[in-house]
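So that the names make sense, note that chain A is the first sequence line, chain B the second, and so on, each numbered from 1. Every value quoted in this text rests on a predicted model; they were computed, and no experiment measured them.
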Protein chains: 2
Amino acid sequence: MSDTGVAAWAALLRVHAALVPQLDRELQAACGLPLTWYDVLLELNSAPGRRLSMGELGAVAVVSRSRVSRVVDQLAADGLVTREANPDDRRSAYATITEAGRARLRAAAPVYLGGIERHFTAQLTAAEAFSVATALGKVLAALDRS
Amino acid sequence: MSDTGVAAWAALLRVHAALVPQLDRELQAACGLPLTWYDVLLELNSAPGRRLSMGELGAVAVVSRSRVSRVVDQLAADGLVTREANPDDRRSAYATITEAGRARLRAAAPVYLGGIERHFTAQLTAAEAFSVATALGKVLAALDRS
DNA sequence: CATGAGAATGTGCGTGCGCACGCATTCAAG
DNA sequence: CTTGAATGCGTGCGCACGCACATTCTCATG
């Protein structure tokens, strides 16, 4: 029945509501790094050329496109990224992660991953974690298609 | 490995970020009801005596305790709940769902559940839905314990 | 070349949200 | 009874977030 489907959705909402503020606080206390910054830096670091345009960043990151502009401003003010113009298309603006940004990301990664491990993964068997990842991956694939 | 655990967490974040605004818009367009209101009304409707104190409501609902106070104000302004004093403890305040509130909830339920079905459950097998629900249930149980 | 449609970005603005605080009340200890 | 700690609640305040719009630029079409 879809009853278990609704239960799964409700559990997802509750886990998100309880865990995101928790991990955010832990990360900010240990590294002075908001979760939003971490997400943006992570995407930039794994991008080809370590840079992305604002639109690409908004599409791939969790935050909205309009918010990306301000977050990049803050990151640039802290020297973690640089704003660069695209000579081929002067409308677009690239955000490139700096070496200082990569250093902050490397310092923050074990804190964030450790928090996920302690509060999330530790409660799951390997099979359950795999099942959750594949199931939610299907949902994401369907959402991208529409 | 915990690699799949991190992948599961990342997928959860993305599904939440993509689906919550979607369902919120659908619900608001069809019933003029924010998702926060729906959640509060749902908890009140399934509570003993159809009423809860602010603290209980903040503990059981997705929204924070401080936010509950303002949401209940808005719901009371629309006649969907009533604020009542507790004669046994004059600090606490009860929120009781009205008949109009129950009617709005009954009208909104098929819209919300239909959205969950179309965007979420439809992509999952019954076994996957069950696995996600139980796995995230374990995480919630561990969070409640701490 | 001229021009209008469409894309990519930045920003003013309103809203939702939680934290920290103050107030009223209850309870326990003396 | 008195009093200090603890509880439950409401609210001022600041921050984060997305929408809608203006701006700048590209490109296809005539």
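Remark on DNA chain C: of its neighbouring residues A:Pro21 and A:Ser66, the 5'-side contact belongs to A:Ser66, judged by nearest-heavy-atom nucleotide. Heavy-atom nearest nucleotides on DNA chain D were determined for A:Pro87 and for B:Gly55, and the one closer to the 5' end corresponds to B:Gly55.
Between B:Glu84 and B:Arg50 there is no salt bridge, since no side-chain N of the basic residue sits under 4.0 Å from a carboxylate O of the acidic one.
No donor-acceptor contact under 3.5 Å links the side chain of B:Arg91 to the base of C:dG22. Contact of A:Arg70 with C:dG12 (side chain to base): a donor-acceptor pair of N or O atoms is detected under 3.5 Å.
Rounded to whole Å, the distance from CZ on A:Arg65 to C1' on C:dA8 is 7 Å. When the P atom of C:dG12 is taken as reference, atom CZ of A:Arg67 falls 14 Å away, rounded to whole Å. Taking atom CG of residue A:Asp89 and atom C1' of nucleotide D:dT23, one finds them 14 Å apart after rounding to whole Å. Atom CZ in B:Arg25 sits about 18 Å away from atom P in C:dT15, given to the nearest Å. We find that CG of A:Leu57 is positioned 15 Å from C1' of C:dG10, with the value rounded to whole Å. Rounded to whole angstrom, the span from the CG atom of B:Leu35 across to the C1' atom of C:dC17 amounts to 14 Å. In this structure, B:Asp88 places its CG atom 15 Å from C1' of C:dC27, rounding to the nearest Å. One can place CD of B:Gln74 at 12 Å from C1' of C:dC17, the figure rounded to the nearest angstrom.
For the pair A:Thr36 and D:dC17, the criterion of a side-chain N or O lying under 4.0 Å from OP1 or OP2 is met. Dashed line: the shortest gap from a side-chain N or O of A:Ser64 to OP1 or OP2 of D:dG18 is under 4.0 Å. Applying the 4.0 Å criterion to OP1 and OP2 of D:dG8, one finds that B:Ser92 has every side-chain N and O outside that range.
Contact check for B:Leu23 versus A:Trp9: side-chain heavy atoms found under the 4.5 Å cut-off. Looking at heavy atoms from C-beta onward, A:Gln28 lies out of side-chain contact with A:Arg25 at the 4.5 angstrom threshold.
Here A:Ser69 pairs with nothing under the side chain to side chain donor-acceptor pair (under 3.5 Å) rule; sequence neighbours left out.
Put simply, A:Val40 and A:Val62 are part of two different groups of oily side chains (I, L, V, M, F, W, Y) that touch within less than 4.5 Å, one to the next.
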